[in-house]
Colleague: 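The structure's right below; bear with me while I get my questions together.
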Amino acid sequence: EDAPRPAKRLQLVRRGKTVDQNEFTAASLNTDDPETLLPALADLHNAIPLTTEIQNQGVFDEVMNIGQRNKSHKVLAQVIHTSCSLSQCDPCDPKMQDRVIHLALSLVTSTKFIVLVRSLEAIGNLCPTEVGSVQSSITHTLLTHTTHQDNRVRTAAFNSLLLIQDKGVLIPSEAYDSACVALSDDYQSVREAALLIIKVVADTDPERLLPIAASDDHMRLVDHAFSQLCSVVHDISVRVRTQAAALLGTLNAVSEKFLQQTWDKKLISNMRRKRSAHERARAMVSSGEWSTGKRWADDTPKEQVAAESVSIISTGSCGAFVHGLEDEFLEVRNATLDSICALALNNAQFANHSLDFLVDMFNDEIEEVRLKAIQVLQQVAGLVTLRADQLEEILHALRDSSLDIRECLHTFLATTILSTISSVKLCVNALLENLRRYPQDRRSIHRCLRRVGMNHPTLVQALVAELLVIHPYFDGVEPSVQDPEYICKLILVLNAAVKCTTILPLLEQHTLRHYAYLRDTMPQLVPVLKLGEEWQPSRVPVSTNTLQFLKESVSRVGRLERSSTQLRMTVYQTVYSDLIKLADIDPSLSAASHFAASYTECLLLFGKILATRNWLTPSSLSMQQTGALKANVDRLLKTTFRLRHAFTNLSPVEEASIRNLRVRTLALQLVYVVHGSTGSALGLCDNFLEHTEALHRYLTDEGLSADSFLEGVFDELSQLEEPRPGAVARILQPLLLTHNIPPVPPVLHHPVQVHMCSAEIIEPQSDSETIHKLSAGLVVGVPLDAEITHIPDPSTLRVRVCYPDHCTQLVVPPRSHLRQVGEGTYRLLTTVLLSAQVSWSEACHLKNNGRPARDLCWNIG
Amino acid sequence: MPEIKVTPLGAGQDVGRSCILVTIGGKNIMLDCGMHMGYNDERRFPDFSYITEGPLTDYLDCIIISHFHLDHCGALPFMTEMVGYSGPIYMTHPTKALCPVLLEDMRKVAVERKGETNFFTSSMIKDCMKKVITVSLHETVQVDKELEIKAYYAGHVLGAAMFHIRVGAQSLVYTGDYNMTPDRHLGAAWIDKCRPDLLISESTYATTIRDSKRCRERDLLKKVHDCVDRGGKVLIPVFALGRVQELCILLDTYWDRMNLKVPIYFTMGLAETANKYYRMFITWTNQKIRRTFVHRNMFDFKHVKPFDKSYMENPGPMVVFATPGMLHAGLSLAIFKKWAHNSNNMVIMPGYCVQGTVGHKILNGAKKIDFENRTSVEVNLSVEYMSFSAHADAKGIMQLVRHCEPHNVLLVHGENVKMEFLTQKIMQEFNINCYKPANGETALISVPTNMEAEVSLPLLKHTLATPTPTLAPPNPATIAPTTTTTTTTTSLTTPNTTTTPTGGHEGVDNTHTGLKKQKVLHGVLIMKNSSLRVVGVNEAWGELGVSPHQLRFTERIEVDHGGPVPTLTSALHTVLAGKLGGAMVQAVNEYQLSVADTVCVNIHEDDPGKTILVSWTHQDEALGGKLLDIIRTTYAK
């Protein structure tokens, strides 16, 4: 009785009554007129789930009664539909379900399709999982209705079979046969449903042997199902084709033979056998010939083929994927690509076969498909070996203007294994050209080259002299270390040098100096090499005790509880500045230090505010004092807000203390505003109560105890009749003054694990010389590329644009422009629109150099 | 048996001059009215005098034009204006828009360049176009009371359509030229499962199975890109309509994708006029263009600019589309002469070249070309060949046949040898007849007759309501007539699709699938005033004023039985129930049993034994006989 009391009273605060919309009056069913019954039943159906079990039972009986006395087929259908839903309400009542099943089974002789459809749906939904007569009669009924005259009934029968299969009921083997027959049904909905049946049967019973017509042989069911699905790829309807193409990838354990056939397409030209472009390319590479430049005739048809040996109608799985990729609609092509990916991941040979076709898809007219093709390629990269001609085709796509395609390709190149020196050279040259064409790809190309270097140390070794222009006798010009291409080459070579130490003696002195520079500036891209002392950057690993320092600082704050205000303030100030420094020194503790520093700052501010004499009667304060007080309150609000939202991965205790601090701050603000200004504090009060309540719930959920301040707040609030700002403030004022803040931020449990949200703006660079011209009153778009780490909820992200005239704008980036890179890490690629006020009468230049003109910031609510 | 008569006046075992005369259900229809581009004499037009002695308008019910290529519509003004025809002509909107453009161009070439005299004039083309009625895709147009036509998308060129023609129960599909694989500006041909009696299909590539288009496109793009990257100029000789729009889109989007700045030029004139129409008929293009046109119409090329002769001299890389396509004259040849000597440059031949043209020579690797005026040009530039054809290949044709499930196929618009192969394949794969008449030869395709009979609704409902005992495969129609003077009682097998409403539009006629459960219907077929009706027996009696007569057989069996009658009755009941099944036999009272509600068995007290009297109607002959046997063997004296 005592514990939940405050919570109960606190609920007073909630505005707006929750209306129970599920109320339903059974009285409206008391009629025989179909015209009024139908809407009533439909209403009832919407009202499900009803609130109580008793009510359920009553309504259910009533509905079943209608079923008995009414003969209108529409009403009957609705009765089954509704009673089926009713009987499935929580808690399930097997008796009710039995009654519905019997009613439905008795109605399957109906001639009206709607009654039939509803009955089949109902028995599908309610089919018991235990084997028994009910179950067998249900499966039998469903099976017989798969050949019903009405397409809607056939569809419903197949769908219900699918439903009962989902429940774990073994569907009879005839279901598979009738599904295969239904693949040539006239109606696409039937074909769609049949496809799914085939898929689930193939999943549950893949090894069953099916006889092959007109021979004694047998084939495995999963193979049969696969070729059935393949034949549907030629279907007349887009929806069915899409589904079939998508399902192809979901079948596991299909025989090798059937998989290989999916790429089969024999070309003939005027009855002569012809080689496809893929075969020609393959033959060219294996023969070691080079293109003569006049290749128009090399696709001339070869030998004559016998008319009998040509099969134009594809049987089985022949050419299914070839066809799927050539489909008119992107939905089908996309689904096919997905399937290819799924199958290729399980089968290296299939992956190698698919390579040519995937490369072809780079040339699709729709970007979505091109991107998907590259993504598939990227996923199978580990399984395939590229031929030089294929690599050339792939590298061609690096010229694409779509950033996604290029970056995807970079990832692909980073993972794939190249076999020859010439292909590595080809690859590096293409990447360098890419860099020239699209300088914004710099980071991605760096990462890619790093991996290429790591993956092919010996191949890179052969290229070192050529790449770095090293001559055996002559000294070359020392390249500028700012040259982006040179940096790329260095990254490649240096990463290769880790595994192939013979590269090191090849390098010249200036190259080694550049290594030291790069190692310092981009440590994540340049590895440590086994070189003499002089080339190693002077960063010696020293045990720094930063963790201990952090702990000590925090505990220093804790020890001060009983000290004088003056001393406390001084210590807070020192600790605060110490921690900020610490954050700079040790990146691994940066987040925790920031957290502790912010917390200390809050303590400091609280102290300052409460120490201000007469802070509750601002009218008596001097101008300067008022200003300082206001600034402190604002700063406090801002800091607690940051604490509350910028840090993640905190323990519940830490989280609770932060929330406590926030509540306290809001309380302070409320008291301050109520006393100090004349405006309404209604909104503030609501906000405070909302936070208090949330905190209370949080504490109860996590099983934590509230501190003395909060206990006081909860107690007092629960005795309050109506939460008016004045009254709340009156309660809070003494509480604030009497209860001190728990001074130890409990950050010490796992300081390394604390994450702080941060954003790095990659584009536009702060030192960029690009000038964006904008005319007054019009907008100009500035591309923005930023990486945001440890963001708990990306929807709260805002871009802040600061203009030279000190006005700022917050821009909500579109959701689609954010892409997830890793856990809690996002990349924002968007165009920020800048606009100048109309009052600027002349066009002016907004320079982008020097200080960052715009940054990312947090704003919630 | 009724027949569909098909006579090709052109395009029978031949390519060019498509013109097919069809007689279906008493209607005469002309499919396409094309000219042959290879001839300059009267052979270029179909022989219209062959059709009929009298005026054409009286004989032909309508003309249908599938698309705007001249070998499908070139003879139209000649026929309507010079031979004389004023009946309806059907074509799609884009065809009507582009057809006069091409006709006018051809007329100009024929009259102004070649100086022909007996040729139709511009005003004739205009008058001819006034007779055209346009149809939209999937719109059913009622030509007259019985004849209706419906257009389906065919790919091939803008506005190309396949036509489904129906007269009563007979139907045929004429494909015109079609393409089953989508290209950069058009989608693939599509037809629903309309199950026509006859499919008339083109067969240009009957013996070819083509590689994917993407390879070829990629090849082309890469070559062009490499050439302009090294500063070369690319010349692509094209004809003004069709492929050039496809290539322009291909290059334009590629330029966009790759961020290229090299100019692409396009010669104005006819092609520009055509582009205008391409921009308008967005609904006839492929998925990509339809999806993006709100954003930007793909035919509003971003990078393609009009060409001016002076640009030929400009330095730096460029890509030029120039007419005509075979490098035999005009601008494309002029540009070729200018650029041929530089090995950095390239010429791409996107199609077939006739022997004797410059295009043909360079494709065969000629290093030096001599011209009439004793000038010659060194050919140093690289020559590429790309084949972009918009006809269905063998696989595509088979796929179309599979999709529309015809009962017969007739091939036109192809070479005889190639057709022979495909004919065999179609007969083999689909087990249907396939024809390939030559020009002037008539193919007769017999179609099954469907007799339509009206079935009374109560009878159908009654039949549907009685449950079928088993789910055994349907019996073939059995007819067991018992004759009265004017009517026949028949048992008809009816597909029960007739009464249930069927949703969707994919197909209505389901009798051929053999999937449907069939039921035996007991009724009376009444033939009166050339109408057929099936009604219930009682209805028929009432309607015809016939009083029903019943034919009953009665047999008496004398039985030795000592006990009282009820004992015998119950004994008999047990016996019969054991033999026939309990549900069949019912005891009416102590003296009477009833079997299957119709046969009654009475038992009488008789001296010295008892008599069993069995009585059955004519319909229950079999049951009665069996019953009699049972009783006789059980109680035989």
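Every heavy atom of this structure was used, including side-chain atoms; hydrogens, water molecules and symmetry mates were not. Here the structure is a predicted model, which is why all the values come from computation and not from measurement. So you know, we letter chains A, B, ... as the sequences are listed, proteins then strands, and number each from 1.
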Colleague: For Glu393(A), which atoms come within 4.5 Å of any heavy atom of chain B: side chain, backbone, both, or neither?
Modeller: side chain
Colleague: Can you tell me which portion of Ile249(B) sits under 4.5 Å from chain A's heavy atoms? Options are side chain, backbone, both or neither.
Modeller: neither
Colleague: Return the set of residues passing salt bridge (charged side-chain N to carboxylate O under 4.0 Å, His left out) with Lys74(A) (not counting sequence neighbours), or none when no residue passes.
Modeller: none
Colleague: Heavy-atom distance under 4.5 Å to chain A: side chain of Arg291(B), backbone, both or neither?
Modeller: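 Contact with chain A: side chain only.
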Colleague: If you look at every heavy atom in Phe362(A) and Arg257(B), which pair is closest and at what distance?
Modeller: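 Closest approach of Phe362(A) to Arg257(B), heavy atoms only: O-NH2, 3.4 Å.
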Colleague: Measuring from atom CD of Glu365(A) to atom OH of Tyr254(B), what distance do you get when rounded to the nearest 0.5 angstrom?
Modeller: 15.5 Å
Colleague: May I ask you to name which of Met180(B), Arg184(B), Glu217(B), Glu420(B) has the most heavy-atom pairs under 4.5 Å with chain A?
Modeller: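 Of Met180(B), Arg184(B), Glu217(B), Glu420(B), Arg184(B) has the most heavy-atom pairs under 4.5 Å with chain A.
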Colleague: Test your reading of the model: is there a side-chain donor-acceptor pair from Glu328(A) to the backbone of Pro182(B), 3.5 Å cut-off?
Modeller: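 Not a single qualifying donor-acceptor pair exists.
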Colleague: For the OH atom on Tyr438(A), are there more than 12 heavy atoms of other groups (residues, nucleotides or ligands in this structure) within a distance under 6.0 Å?
Modeller: yes
Colleague: For a quick check under 3.5 Å, do His323(A) and Gln399(B) share a side-chain donor-acceptor pair by atom type?
Modeller: yes
Colleague: Does a side-chain heavy-atom distance below 4.5 Å link Arg218(B) with Val359(A)?
Modeller: yes
Colleague: With sequence neighbours left out, write down each residue that passes ring-ring contact (aromatic ring centres under 6.0 Å, His included) with His396(A), or none if nothing qualifies.
Modeller: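 Listed in chain order: His225(B).
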Colleague: What is the minimum heavy-atom distance between Ile236(A) and Asp192(B), and which atoms define it?
Modeller: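 Minimum heavy-atom contact is CD1-CA, 3.6 Å.
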Colleague: Grab the two heavy atoms, one from Asp256(B) and one from Ser401(A), that are nearest each other, plus how far apart they are.
Modeller: O-OG, 3.5 Å
Colleague: For the backbone of Leu330(A) and the side chain of Gln287(B), can you confirm whether one donor and one acceptor N or O come within less than 3.5 Å of each other?
Modeller: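 Present.
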Colleague: The test is side chain to side chain contact (heavy atoms under 4.5 Å, CB included); show your working for Glu405(B) and Asp186(A) and say whether it passes.
Modeller: CA-CA 11 Å; Glu405(B) 296 187 2; Asp186(A) 277 8; 5.6 Å; no
Colleague: With rounding to the nearest 0.5 angstrom, report the OG1 to CG distance, Thr181(B) to Asp327(A).
Modeller: 11.0 Å
Colleague: When rounded to the nearest 0.5 angstrom, what is the spacing between CZ in Phe329(A) and NZ in Lys288(B)?
Modeller: 15.0 Å
Colleague: Between Arg214(B) and Asp356(A), is the closest basic N to carboxylate O distance under 4.0 Å?
Modeller: no
Colleague: How many angstroms lie between CZ in Arg402(B) and OG in Ser231(A), if you round to the nearest 0.5 Å?
Modeller: 7.0 Å
Colleague: Less than 4.5 Å to any heavy atom of chain A: does that hold for the side chain of Ile191(B), its backbone, both, or neither?
Modeller: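 Contact with chain A is through the backbone of Ile191(B) alone.
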Colleague: Less than 4.5 Å apart, side chain to side chain, heavy atoms only: is that true for Met258(B) and Leu398(A)?
Modeller: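 With C-beta onward as the side chain, the pair stays apart.
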Colleague: By a 4.5 Å heavy-atom criterion (distance strictly below it), what part of Asp364(A) contacts chain B: side chain, backbone, both, or neither?
Modeller: both
